[in-house]
Amino acid sequence: MEPMETDPPDITKSCEERNRLSLEIEALDIVINRCTELVNFPDTDDNHEVKAILRASIDDTQRKKDTLVTPTNANNAKNKKRKINKKDSVEDFVFPKKASRPVSPLPSEPVTVNNSFSDLESENDKDQVAPEENNETAPPKPKPPPPIHLKIKKNIRDQLKSINQKFPDITNKSSGEFIKLITNDVEEYHALTNFLEEDKDFEFFSLKPKPIKPIKIVIKGLPIFTKTHEIQSDLEEEGFTIENVSQLISKKTKTALPFFQVTLPRNANNQKIFDLKTVGYMQAKIEGYLIRGITQCFNCINFFHTAENCHLKPKCLKCGKEHPTRQCPIKERQENPFCINCQEYVHSACYTKCSKFPKPKKGTPLTANKTFESNVRREGVSFANIVSGTAPPPPQSTS
């Protein structure tokens, strides 16, 4: 008799049954936990009966949970024995033998191959050697020196002609009241500067290139009464070449500060001064001299350069005439000085709030002094009167 064909078990039904059982078990666990928390409360005269009911509920719920978790005997009986087909048995299985590796043939003599294009090679090609690759990176091209600013005058055409005859490789560019003379290297920069200095008719100013700029440092940590010549002798004993040593002065109070500025020629040995820890048998701090704000020349009262490299006609800071400020006959302080920049009798030419004073670049604002304004101000009474106790009493309000 042929065996009866049966349908395979439905897998989706078994999955739904498991999900249902797991949800019921989780619900029973929640009931058991909540009842256990209530039972653990302290005993009182009124809650004995309630706790007994809760314990009975916990036992009943635990039995329901156990019946869901423990499998039935019918399922155990089905899973006890399972027919073992002959196909599932491994008793009669025989492992295959390992296949033998094929033996490679004996090595034969190399086959000679002739180059049929050997006749095309020339003798020059044979002697030619492939060039070696140069892995060394080329040094960076040095930056050109800063331009020299030549003032535009009525005879500017003749001046440019004489400059181009002497220096045909330089270029120029107009910039306001000046013409920028751009050189190619430091040697040409020095030669052009010397050429312009020989003729007093050339009015110009220049900026020193960084390779020839002096090193300027500030020494901090020394007593305020330290002598500048003592600092210079101490640094020279350490092997440094010193050009100048000066003590800085406060702009507001005009009194000496415990800071000393030192100027040195730029060379490899003087660069080591930043590693110096002691000066004059005292520990000191060496910092680079930093110029903040807009640079103003004390020779021509113009901006963006210094008097050291200025060859323009001098102008007085007090009266505006063509002579140096130190030679001005005006010695007393003026209430309404003349400004040669805005041409008004309001302030001096170094006044930072002048309308012609250059504005700082974006990102570098001028830090103004913070002022304090009191809510209670009295006319005719100064701060010194209040501190010394000589101020008159405040008027009493008649409200």
Side-chain angles (χ1 to χ4, degrees), residues 143-186 188-210 212-213 291-328 330 334 336-366:
K143 293 183 179 181
I148 299 173
H149 293 73
L150 179 65
K151 189 173 182 179
I152 298 176
K153 301 170 69 176
K154 292 183 178 180
N155 61 340
I156 187 63
R157 181 181 176 84
D158 297 333
Q159 291 181 344
L160 292 177
K161 181 179 179 181
S162 62
I163 293 171
N164 288 331
Q165 289 177 352
K166 184 73 174 178
F167 304 94
D169 296 334
I170 67 170
T171 56
N172 55 59
K173 182 180 179 182
S174 178
S175 176
E177 299 178 358
F178 297 89
I179 291 179
K180 292 182 178 180
L181 304 177
I182 304 171
T183 56
N184 298 312
D185 49 31
V186 179
E188 192 175 39
Y189 171 87
H190 285 300
L192 179 58
T193 305
N194 295 332
F195 175 75
L196 298 177
E197 288 178 356
E198 292 175 357
D199 190 351
K200 300 298 181 183
D201 191 39
F202 290 107
E203 293 186 37
F204 69 98
F205 71 87
S206 60
L207 303 174
K208 281 188 176 181
K210 189 173 182 180
I212 63 175
K213 274 186 178 180
I291 300 176
R292 295 184 177 89
I294 306 298
T295 305
Q296 188 173 15
C297 176
F298 292 113
N299 178 54
C300 65
I301 319 301
N302 213 324
F303 303 98
F304 304 113
H305 67 277
T306 59
E308 182 182 1
N309 303 307
C310 180
H311 298 273
L312 300 173
K313 289 184 179 180
K315 291 184 179 179
C316 180
L317 185 64
K318 297 179 181 179
C319 62
K321 296 181 180 180
E322 293 185 354
H323 61 259
T325 305
R326 61 180 177 273
Q327 298 179 4
C328 184
I330 302 175
Q334 292 180 305
N336 295 320
F338 177 72
C339 177
I340 62 175
N341 294 324
C342 64
Q343 301 293 320
E344 293 182 3
Y345 288 90
V346 181
H347 51 257
S348 61
C350 60
Y351 185 59
T352 57
K353 294 184 180 180
C354 175
S355 59
K356 299 295 182 180
F357 197 89
K359 301 296 185 292
K361 293 181 180 180
K362 187 178 181 181
T364 57
L366 289 175

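Every heavy atom of this structure was used, including side-chain atoms; hydrogens, water molecules and symmetry mates were not.
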Enquirer: State which residues pass side chain to side chain contact (heavy atoms under 4.5 Å, CB included) with D169; sequence neighbours excluded, sorted by chain then number.
Expert: N184, E188
Enquirer: Can you sort out the partners of F304 under ring pair (Phe, Tyr, Trp, His ring centres under 6.0 Å), two or more places apart, ordered by chain and number?
Expert: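 F304: no ring pair (Phe, Tyr, Trp, His ring centres under 6.0 Å) contacts found.
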Enquirer: So does D201 get a backbone contact from the side chain of K153, meaning a donor-acceptor N/O pair under 3.5 Å?
Expert: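 Yes, the answer is positive, given that a donor and an acceptor are paired below the 3.5 Å cut-off.
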Enquirer: Could you tell me whether F303 and F357 have their ring centroids closer than 6.0 angstrom?
Expert: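 Distance test on ring centres: under 6.0 Å, yes.
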Enquirer: Any side-chain heavy atom of Y189 within less than 4.5 Å of one from I148?
Expert: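 SC-SC contact between Y189 and I148 confirmed.
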Enquirer: With distance as the sole test, does N309 use its side chain to make a donor-acceptor pair with the main-chain N or O of L207 at under 3.5 Å?
Expert: no
Enquirer: Does N302 reach the main-chain N or O of C297 with its side chain, forming a donor-acceptor pair under 3.5 Å?
Expert: no
Enquirer: Show your reasoning for whether side-chain contact (heavy atoms from CB on, under 4.5 Å) applies to E344 and C354.
Expert: CA-CA 10 Å; E344 293 182 3; C354 175; over 6 Å; no
Enquirer: Aromatic rings H149 and F178: how do their planes relate, parallel, tilted or perpendicular, breaks at 30° and 60°?
Expert: perpendicular
Enquirer: Return yes if some donor-acceptor pair links the side-chain N/O of K318 with the main-chain N/O of I330 below 3.5 Å, else return no.
Expert: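 Such a contact is found between K318 side chain and I330 backbone.
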Enquirer: Check whether more than 12 heavy atoms from other residues, nucleotides or ligands sit under 6.0 Å from atom CD of E177, and answer yes or no.
Expert: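 At most 12 heavy atoms, drawn from other residues, nucleotides or ligands, come within 6.0 Å of this atom.
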Enquirer: Kindly give the heavy-atom pair with the smallest separation between G320 and F338, and that separation in Å.
Expert: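 For G320 versus F338, the nearest heavy atoms are CA-CD2, 4.2 Å.
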Enquirer: Looking at T325 and L317, would you say the former's side chain and the latter's main chain have a donor-acceptor pair under 3.5 Å?
Expert: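 Indeed, once roles are kept as given, a pair shorter than 3.5 Å links the two residues.
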Enquirer: With respect to I163, which candidate in D158, L150, I179 satisfies the side-chain contact (heavy atoms from CB on, under 4.5 Å) definition?
Expert: L150
Enquirer: Kindly state each residue pair satisfying ring-ring contact (aromatic ring centres under 6.0 Å, His included) with at least one member in residues 153-177, sequence neighbours excluded.
Expert: F167-F195
